[in-house]
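In what follows, every chain begins at residue 1, and chains take the letters A, B, ... in the order their sequences are listed. These numbers come from the heavy atoms of this one structure, side chains and all, not from hydrogens, waters or symmetry mates. Computed from a predicted model, the values in this text were never measured in an experiment.
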Amino acid sequence: MSVPRLRITKVKKCFGATQALRDVSLVVGSGEVHALIGENGAGKSTLMKILSAAHSADGGEIQLDGQVFAPATPLEARSAGVAMIYQELSLVPHLSVEENILLGREPQRLGWIDRSERRRLALAALAKLNQQHLPLKVPVNQLSLAQQQMVEIARALVGSPRVLIMDEPTSSLTQVDTKNLFEVILRLRDSGVSIIYISHFLEECLELASHYTVLRDGESVGMGRMTREALPGIMRLLVGRELSEVYPRVPHSVGATLLEVTQLRGVLKPRNVSFQLRAGEILGIAGIIGAGRTETLRALFGLDPQIGGEVKLRGSSCNRATPRAWLQKRVGYLSENRKEEGLMLGRSISDNLLLSNLHPCATGGFINRRRQDRLASSWMSTLGVKARNSAQNISDLSGGNQQKVALGRLLHHDAEILLLDEPTRGIDVGSKAQIYQIIGQLAAAGKSVIFISSYLPELLGVCDTIGVMCRGTIRTIRPAPEWTEHSIIATAIGQDEN
Amino acid sequence: GAGKNLTIAVIPKGTSHEFWKSIHAGAVKAKLELEEQGYKINLIWKGPLREDDRDQQIAVVENFVARRVDGIVLAPLDSRALVAPVETAQSVKIPVVIIDSGLKSDRYSSYIATDNYHGGQLGAEHLANMLNGNGKVILVRYQVGSASTEEREAGFMNVMTNKFPSIQIISQNQYAGPTRDSAYKAVQDLLNRYGKEVNGIFAPCEPVTIGIMMALRDMGKAGGIVKLVGFDAGTQSVEGLAKGDVQGLVVQNPMKMGYLGVKAIVDISQKKPVEKKVDTGVQVVTKENMDQPEKRDLLYPPLDKYLK
Amino acid sequence: MKTEHQPILDEQTRRVNLQQVINLLGPFLILAFVVMFFAIIMPGEVADTFFSAYNFKLILTQTVVVAIGSIGMTMIIVSGGIDLSVGSVVALTSVLGAVLIKSGSSMGMMILAVLATGGLIGLLNGVIISVFRMTPFIVTLGMLGIARGLTKRLADNQTVNLPDIALPSVGLLMADPDPNGYFVAPGIAVVIDLAIIMALVLNHSVFGRYIFAIGSNEATARLCGVRTRLVKLSVYTLSGVFFGLAGLMQFSRLRQGDPSTALGIELDIIAAVVIGGASLNGGTGSILGSMIGALTMAVLRSGSTQIDWPNYVQEIIIGTVIILAVGLDKWRQSRGRQ
Amino acid sequence: MKTEHQPILDEQTRRVNLQQVINLLGPFLILAFVVMFFAIIMPGEVADTFFSAYNFKLILTQTVVVAIGSIGMTMIIVSGGIDLSVGSVVALTSVLGAVLIKSGSSMGMMILAVLATGGLIGLLNGVIISVFRMTPFIVTLGMLGIARGLTKRLADNQTVNLPDIALPSVGLLMADPDPNGYFVAPGIAVVIDLAIIMALVLNHSVFGRYIFAIGSNEATARLCGVRTRLVKLSVYTLSGVFFGLAGLMQFSRLRQGDPSTALGIELDIIAAVVIGGASLNGGTGSILGSMIGALTMAVLRSGSTQIDWPNYVQEIIIGTVIILAVGLDKWRQSRGRQ
Ligand SMILES: Nc1ncnc2c1ncn2[C@@H]1O[C@H](COP(=O)(O)OP(=O)(O)OP(=O)(O)O)[C@@H](O)[C@H]1O
Ligand SMILES: Nc1ncnc2c1ncn2[C@@H]1O[C@H](COP(=O)(O)OP(=O)(O)OP(=O)(O)O)[C@@H](O)[C@H]1O
Ligand SMILES: [Mg+2]
Ligand SMILES: [Mg+2]
């Protein structure tokens, strides 16, 4: 057998007392898409960050095309042909789209930037993703999360990487964009690039990858060819049960209208969004990138200005209510952007979990530490958050576990209406099922949920009703059983019968 | 404009010490007198924001040159830094009268000031005489680069070392800094170290005098146990003198400087001759002689009469 | 699986506690280092007076103004802000105190007015910062000039002196009641009490938790229903009251109103807070640490004067210690992680 | 799909372009406002001399030191840092210049040494900040003390005066060559040239873009292969050279080495940069804006002196304008968004 493109042997990594990687081995051939699978906190991102030199390994060896590969800086890794798309968005907010795409490898003459060449290269990279319409000169902090994700992917495509690492690239993409991305991945594979693909969507892995490796608790516990037959085995390694339980149906009934939104308008988006949310209803919202789903919730929840329209909660008007007012009415919001907005990354898990509702652990304005720790710990075990204890800094947690804490906050707040923006982003298969279960139980208890997701199967599997957004407005709302993946996509891109 | 309608800028080193208030009062006194004689004087009182900022004082002078005032009375923060703007003023025919502190140039119209070196000498002699020519003394310096106080310090050191060899100077390199608070802290620390042995202290200006006085009171060494000779008359230092916590003040005549400065500008505008150098005098005031009328005028200048 | 993790978890918990302890100790280490440094290099007779109870009291008294300022500044820095106007506010309030006493107002009235003025300026800063969302650095830089100007106006550009009879009562707060004994000036007791109270508020109250939350991530705090504007406003106002109190102490110490006092004191205060373990990015900091930081600065100042170093040596050494102290803290924390 | 996105995206681009233009205009608006304010309130004869060519040259000369400092500070602030040691570095280098000339060194040697010293201190700041990852605020606060101490040591605690024959050549840079004509001091020309060069570097060179990238998101910049440490180090070193140059100008203006000069000038410089549109969080700022900011501050100072306001009014007004200018900028930007 020829030398593999990448060989990782017995790599170890500790963060303080946390042994993130105990013993990981992985082999990737050239022109191969390799799926890296594992539950939240298994160590996938850590392993990949070692490859791209964002972290350094404590032990083990990595070989790239037969040569020992031990990059000291991300620059070295990149020059050696290892490109990476990070799980948490990493863009430079004040620089423009083209500047971000070519950051670190600007075309230059004697230190001066060659602008037309930069434009050409950036457009070429975006064109591979069918995103050449993105505004090149706009600072990326004015783009939506999904658009930013596209910019980040485009950046990894610049130059000619030998190994391309993608850490959950689709977690904030819609189906259409995912399709585009897959085409690119397959094209790159065919040109000989090795791709390590991390995703909690096993179907994606099945569609793309030829081989897989499963990580658990920092060890590689299984590997092989990625076939449909291998799935049950993988699932057992991951969650220890069968795939069929993924969308548990909790029986619940839908009651009277709670929240009524008419002609809601924001600065650019949403444009005249109207919908109703009834007690015990799970309302899904689908749409492509930039459709304005996030904007709708933000304008509703008072995070962005509401320019027009009418919002009524239980018949009384709530226009331009502040987040605090909504929370007092037991309406909670889960942000899609946990890094910038969702979490306080410098603080402990318990601070993050309990912040919106400190009453249960406070007397007379002062907090009782013991009660606080007990409360936080109980939520952590309910949600299966993998961490040392409730005092651990949340930035030490894996992406999925952070997401669980963010969701846990709404549960702790005991919200009647939950506005969830991509709640399962980056969550592993096992925990996803658990979250669907929780959402179902909430509905059964008469609470209402708005569920934004870019992953249509989960919308179809969990929601009672689904609205599809297109260009800032909700095109159609129908009961979930009346939708199919195909009809949702058609509506979302404006190609339905209307 | 020429004739009897004059705009005169008086530029002190700073604005927040009583010393400068006295100069201001003197200038106003001159203005009032001149107005009785039929002049119309627009007196501008403007100093730099901080007492040690040469650059700002240069800018102030430059700005008045740009404004083409009829004359400038200046207490230069620095003997050399202010040379260039003063020469610029003279070259566009704006007369400049220097007060209080010297200027290393002869292109000014008149220099009206105290002999600071002599003041320091007087202070040293007074302190040494009180100590009968022996003992341990401390000199607390004021600030780096302030010409007038440095001259006083030099005069003090000169007399002490040359004339009184059996007096030991146990500390002379600590600077008190610009405010009473900084002086107070520095002196507290100094006295904690030397409090047991020191017999006399000299302060080259008012904030330092008061800092020392407060620290001595704290330690129970005020009232003559440690002899204190200060410089300049301010409300608190004069009060200290009256109470016996200060054993002597070297006093100048700031009102006279302000008064003569403005007068000189007017004389120049009327093409009258002015003297190139005027000494406004310096003397030691003690508790015993402070009630003499001519000393009273120095210790209690009639500020209220002229300022508002 | 659970039982499997248990031993590791225990060790981890222990480590965390250890690290917390180390973090708390950090500022003490620096103070101990400075004290030891002086103990070693001071010649015998100087050391005798330096390490005396009297001098200890003296240093404590000299710390009071900076320490009170640090309490307010800690809150502000933890909330992610900064306040450069402290020096001017201290000057303004101390001059106000003098003007009031001079014009015959009672001590109680004066104290009330001084604290209220501090709070008012804090409120103004807070309103501009939180309502108009402007950078605290710039707002308070502007306020630095404004308050200093007002001070000079109020003092009519000269020191405000008091009648003799007023002096003892004015000086009471900062006067050593007994130069040969162990009783300290009332001002010191006030600082200690306030530090304890504010440490409790910052660490154990809901309000304190909100301050940390805002400093850590304001967007999240807002999303969690924290009234970020109100909290920030309260932080600046409350801190303003502390700065007013610092002005009162300064007034009591000088027994006169000096419009040029406390120039640049904000830098000392910020240094004290940062030596005490706070980060200027917000979200971390402790009152205890800041107090130790303030004491460290005071010991350094006092020691270098008593050892009779020229002032420039003193400036160089204090600058170096500020950098070393914070560097040490950094190093300690990164060690604690590994 | 493509056609569908077009309108919104185009609108985005247009908006951004518009906003950029508004951002550039911002500082000019503030300057215009200040000038107009003086035009309105100045009595006739004062206005005549204030709005004269001679006074314009004078104001430009008074801007030079702050303007050169702002060029360096803009780089630092854009990179997400701050430098509080500027005043001390200006003092140190101007004293060094005087000491060298006094000891008979040539002008060329002296200029070289002054710039190198500025660069060296910048390098030192840069090493501590980038290698040991310490907060710039604290590092440069420490350096403020260290450099000021060194200055006093170097100057032997007094002003360093030059022999008379040296004065004309030393003063050349900042001397008005022709008080009645339109030629300006060479220092002004130097500032203008440097500002243009550095604006080009910041906006069009790879180095410049890296500075923005680091200020905007350092972690990402590093992951993208930007040598963040090297870039930060270079930024502080290069800025240090600028501060050295500012010291040279100050020396040329004072024609002596004054160890207490330029105290607190860093706050003026920071204010100029922020008035010019930079954010203290890093990632935004422009040289042109900072130059206008510096000019605005100088016009304010000069105007308030000539109009014959007492100092306290001047302090209050400048403080207010700083807040208003930045607030106006904020308001303009938020309007631009909508
Ligand atoms: N900087 C850090 N400090 C301390 N612990 C860390 C740090 N980064 C990761 N960890 C720990 O390492 C383990 C592995 O994390 P990692 O991010 O690699 O998981 P992951 O497999 O990518 O999970 P996810 O699917 O949720 O993204 C987790 O237990 C996490 O808590
Ligand atoms: N700060 C901003 N200034 C101006 N426009 C902005 C800003 N932030 C976002 N936008 C605009 O809002 C749109 C973002 O909508 P967004 O993509 O979030 O909706 P969405 O349907 O929720 O998308 P996603 O699928 O990413 O959740 C972008 O197209 C962008 O033009
Ligand atoms: Mg991960
Ligand atoms: Mg979204």
Next item on the list: Using the test ring pair (Phe, Tyr, Trp, His ring centres under 6.0 Å), find all partners of F38(C) that sit at least two apart in sequence or belong to another chain.
Entry: F50(C)
Check: Among all residues two or more places apart in sequence or in another chain, which pass the side-chain contact (heavy atoms from CB on, under 4.5 Å) test with A213(D)?
Finding: V92(A), L95(A), L103(A), A221(D)
Item checked: Residues forming a side-chain contact (heavy atoms from CB on, under 4.5 Å) with L150(C), sequence neighbours excluded ->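 Per chain and number, L150(C) pairs via side-chain contact (heavy atoms from CB on, under 4.5 Å) with L92(C), I146(C), I316(D).
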Toward chain D, the part of [X] with a non-hydrogen atom under 4.5 Å:
X       : value
I317(C) : neither
I128(C) : side chain
L141(C) : side chain

Margin query: With rounding to the nearest 0.5 angstrom, report the CZ to CD1 distance, F28(C) to I292(C).
Written below: 3.5 Å
Notebook entry, point to check: Rounded to the nearest 0.5 Å, how far apart are CG of L295(C) and CG of L31(C)?
Noted result: 5.5 Å
Check [X] against [Y] and note the closest heavy-atom contact, atom names and distance.
X       : Y       : result
M134(D) : I323(C) : CE-O, 3.2 Å
A294(C) : A67(C)  : CB-CA, 4.1 Å
A272(D) : V66(D)  : CB-CG1, 4.5 Å

Next item on the list: Measure distances from I275(D) to the heavy atoms of chain C and classify the residue's part below 4.5 Å as side chain, backbone, both or neither.
Entry: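 Neither part; nothing is under 4.5 Å.
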Next item on the list: Specify which of L267(C), I318(C), L144(C) makes the most heavy-atom pairs with chain D at under 4.5 Å.
Entry: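 Most pairs with chain D among the choices: L267(C).
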So which donor and acceptor atoms of chain C and chain D come within less than 3.5 Å of each other?
from	atom 1	to	atom 2	distance (Å)
R133(C)	O	K330(D)	NZ	3.1
K152(C)	NZ	E315(D)	OE1	3.0
R153(C)	NE	Y312(D)	OH	3.2
Y312(C)	OH	R153(D)	NE	3.3
E315(C)	OE1	K152(D)	NZ	2.8
K330(C)	NZ	R133(D)	O	3.1

